[in-house]
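Working notes for the structure below.
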Amino acid sequence: MNRKPIFAANWKMNKGASETEDFLKSFLSKLQGQDFPCEIVIAPPFVSLAKLAELLHTATAVQNAHAIQIAAQNCSQFDAGAYTGEVSVLMLREFFVHYVILGHSERRAIYGETDAFINAKIIKAREANLKPIFCIGETLAEREAGKLESVLRTQITDGLKNVPEKDMLETVVAYEPVWAIGTGVTATSQQAQDAHAFVRSVIADLYGADTASRIRIQYGGSVKPNNAAELMACPDIDGALIGGAALEPQSFLEIIRNGCDHGGQ
Ligand code: PEP
């Protein structure tokens, strides 16, 4: 099955509008003339979405640059109203947002997001035709206690409750072992491949083998230029969700280049 790899930069709470502009100008100039067989996504903070959308619109018109998709890092499960601090899916659409990261381990751990809450947001995102980047992953304690598979199965089953197959096909899953996020410790390619194969098997249980074979599953957790190729060469790894190493245009580009050279179909 041909699955187009997807490399997404999760900037977290980094880069306001002016830093977004600096990054994008540099990134586009490095990207100029290169055509990678993958999707490239950038998820800036909410306040930088407008700047990113404006720059990409101008850049694609002027330079015919590689299409870059915009992601948000979160969304509300509600449409509008008295929800201080929240941003709705329709507001995101106004900034040409196509993807939304949901269920990131930082939101689960720091803001107490539950599988049910994440599920409500996935359903709301699909109502607005946003594509969820649905993050799952185990803590080190859970892995060491032999709970890897049960944790992943629960996150997937509860996070995707009532999500129909047609919406699942528009969803990207990001397997991110919590112990590898921002720590510099990466899962070995064997650990990552085993977890990805398991995730795909759970999706097959829920949606059937054909759908499971079409879903893209990204790996996330200290992906760097020097480990991207080995990870992306694994048969069930279809790209990466990248935090720290995507803050610099050069390292983000090298991850994409190395990943596309050795992985992807
Ligand atoms: C992330 O935040 O999703 C992530 C994978 O971060 P890092 O690449 O810094 O580990």
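Indexing begins at 1, ligand by ligand and atom by atom, following the structure's order. Nothing here was measured: the structure is a model prediction, and the numbers come from that model.
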Report task. Look at the aromatic rings of H57 and F96 and report parallel, tilted or perpendicular, splitting at 30° and 60°. Result -> parallel

Query raised in the report: Under a strict 4.0 Å criterion on non-hydrogen atoms, which protein residues are in contact with ligand 1?
Result: N10, K12, H104, E176, A180, I181, G182, G220, G221, S222, L241, I242, G243, G244

Query raised in the report: Mind checking what makes side chain to side chain donor-acceptor pair (under 3.5 Å) contact with Q73, not counting sequence neighbours?
Result: none

Report summary line: With sequence neighbours left out, the residues meeting salt bridge (charged side-chain N to carboxylate O under 4.0 Å, His left out) with D194 are none

Report task. Could you go through the salt bridge (Lys or Arg N to Asp or Glu O under 4.0 Å) check for R257 and D261 one step at a time? Result -> CA-CA 6 Å; R257 180 185 297 130; D261 274 356; over 6 Å; no

Query raised in the report: Is the closest side-chain donor-acceptor distance between E39 and Y99 under 3.5 Å?
Result: yes

Report task. Can you tell me which residue pairs pass the side-chain hydrogen bond (donor to acceptor under 3.5 Å, both in side chains) test with a partner in residues 154-166, sequence neighbours excluded? Result -> E165-T211

